[in-house]
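Both ligands and their constituent atoms are indexed starting at 1 by order of listing.
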Amino acid sequence: MILKKVYGFIPQLPSSDCSLLPHNHYWIASKHVVTPNGTISGAVEIKQGRIISIVAEENWHVNSWFTTVVNYGEAVIMPGFIDVHAHLDDPGRTEWEGFPSGTKAAAAGGVTTLIDMPLNSAPSTVSEEALKLKVQAAEGRVYVDVGFWGGLVPENAENVTSLERLLDAGVLGLKSFMVPSGINDFPMTTSAHIKEALPTLARYRRPLLVHAEVLLDHDGKLEPEDGADNARSYSTYLKTRPASMEEAAINQLITLTKETRAGGSAEGAHLHIVHLSDARTSLNLIKEAKQRGDSITVETCPHYLAFAAEDIPDGDTRFKCAPPIRDAANKEKLWDALLEGDIDMLSSDHSPAVPEMKLLDEGDFLKAWGGISSLQFVLPATWTYGRKYGITFEQLASWWSEKPAKLAGLTTKGAIAIGNQADIVVWEPDVEFDLDNGYPVHIKHPSISAYMGSRLAGKVLATFVRGNLVYKEGNHASLACALPILHR
Ligand SMILES: NC(=O)N[C@H]1NC(=O)NC1=O
Ligand SMILES: [Zn+2]
Ligand SMILES: [Zn+2]
């Protein structure tokens, strides 16, 4: 990387400790700048946190004596990743993750905006008061911007006023579970609760995100009898959460999304299925609903695209998540669906816990905490496992920036476009690295990440949030100056 200072006599003073590049006005350039109009060789001009021009190489003449230029050569300049599904557990369970460690990991991984899930923190974000605690906890402690989903739970689903207060307080949308969430103060909602909430969400034009699995028998049990099977075998866990659980949930949901069509009782509402794992019937149901004009989207996560059930070693509970990672053939179908556009976007579902809860010594898949820890690695993981399918930089930008921005209603993020906030990742697709104990990992508990021990391609060089260089080659800015995002 060449830092060329073209200024004459008065260097601009550092704006603050918020940025490792202390300039208010500068250009970044490379041979691969990913814009909504394609990838160009050129430069992006950034001033006061915004993108103010984008120029192809042949038309680019730096005409100011006072301009700083960072030339990244062959590296890729892309919109920063927007992760619409992360559990940062702050306040209340900061021993699991927390805003400082989680957002440092995000910055190191090229993620410039996170939308925090309403559960795993304490309290859960199910009321105006709880959202205020979240915002307080985030202020001055986040290295990337953080928005918040609110929780839809039976209590507020049945009480329009409390739901309105939560929405008025600025959550970007709501999230609910159709199975027990594993968190006591975040009870599950049935499709009847969801049906009740949709007209309110329609009025506010904010989405509902749903964890779509339902219990198939009605005894409320997810797990087989103790000792019935070998709990160290991943296949035992897989049997407890068959694809039919996703299918049944989505079947219920698409009877509701009918009402999101023009003239329906929930016109203006939008339903988003989080972390789809079943690429067979569940996916077809979503595809058909889209074709009928329902307002519905779906995400999957890198772990469903990277790993296959057959390959998960006995006792390696780092791979436990819900819905579960399925067979290799299912993984291929997920890639097909992503490449076809039937899956709209990707998210991390970064869901850490303290290592003790992963029961790594016992390796009991039935009792261990379910959740994959991945936040810092989603860019290289998507790239590493996607390269053989010929994925493009434009597709990465669509799955990880443009579509997520649209879902979360972030109108000035998600693309390298004039007027947008300068949220940018610069990365090197051909550089490989080993995720070993010497690698600088910023998530709180590296030992529980399913990616540790693997070799990945796609190294993040630099991450800009609102024009601040918050991460550069292993180092973070000294102050956490990114912002909580509230719906306005
Ligand atoms: N509570 C929580 O984070 N649950 C998440 N973990 C997981 O693997 N799936 C989830 O929904
Ligand atoms: Zn979930
Ligand atoms: Zn989740």
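- Inclusion of H87 in the first shell of the Zn ion (ligand 3) is supported: an N, O or S atom falls under 2.8 Å.
- Between D344 and K406 there is no salt bridge, since none of the side-chain N atoms of the basic residue sits less than 4.0 Å from a carboxylate O of the acidic one.
- In this structure, E164 pairs ionically with R203, as a charged nitrogen and a carboxylate oxygen lie closer than 4.0 Å.
- Residue-level proximity to ligand 1 for V274 is absent, since no heavy atom of it falls below 4.0 angstrom.
- We find that R165 and E129 are joined by a salt bridge, their nearest charged nitrogen and carboxylate oxygen being less than 4.0 Å apart.
- The nearest N/O/S atom of D349 to the Zn ion (ligand 3) is OD1.
- The Zn ion (ligand 3) lies closest to atom NE2 when only the N/O/S atoms of H85 are considered.
- Contact annotation: S181 has at least one heavy atom less than 4.0 Å from an atom of ligand 1.
- For the pair K320 and Y237, the cation-pi test (distance below 6.0 Å, angle within 45°) is passed.
- Of the protein's heavy atoms, S351 OG, 3.8 Å lies nearest to atom 5 (C) of ligand 1.
- Note: an N/O pair closer than 3.5 Å links G370 and ligand 1 by distance alone.
- At least one heavy atom of H275 sits closer than 4.0 Å to an atom of ligand 1.
- Between E432 and R455 a salt bridge is recorded (basic side-chain N to carboxylate O distance below 4.0 Å).
- Between E402 and K413 there is no salt bridge, since none of the side-chain N atoms of the basic residue sits less than 4.0 Å from a carboxylate O of the acidic one.
- Looking at ligand 1, you'll find an N or O of N120 within less than 3.5 Å of one of its N or O atoms.
- At a heavy-atom cutoff of 4.0 Å, ligand 1 is contacted by no atom of I372, backbone or side chain.
- With a 4.0 Å heavy-atom cut-off, ligand 1 is reached by the side chain of W369 but not by its N, CA, C or O.
- Enclosure of atom CD in E196 by more than 12 non-hydrogen atoms of other residues, nucleotides or ligands within 6.0 angstrom is indicated.
- Looking at D168 and Y204, their side chains do bring a donor and an acceptor atom within 3.5 Å of each other.
- Looking at atom 10 (C) of ligand 1, its nearest protein heavy atom turns out to be A322 O, 3.7 Å.
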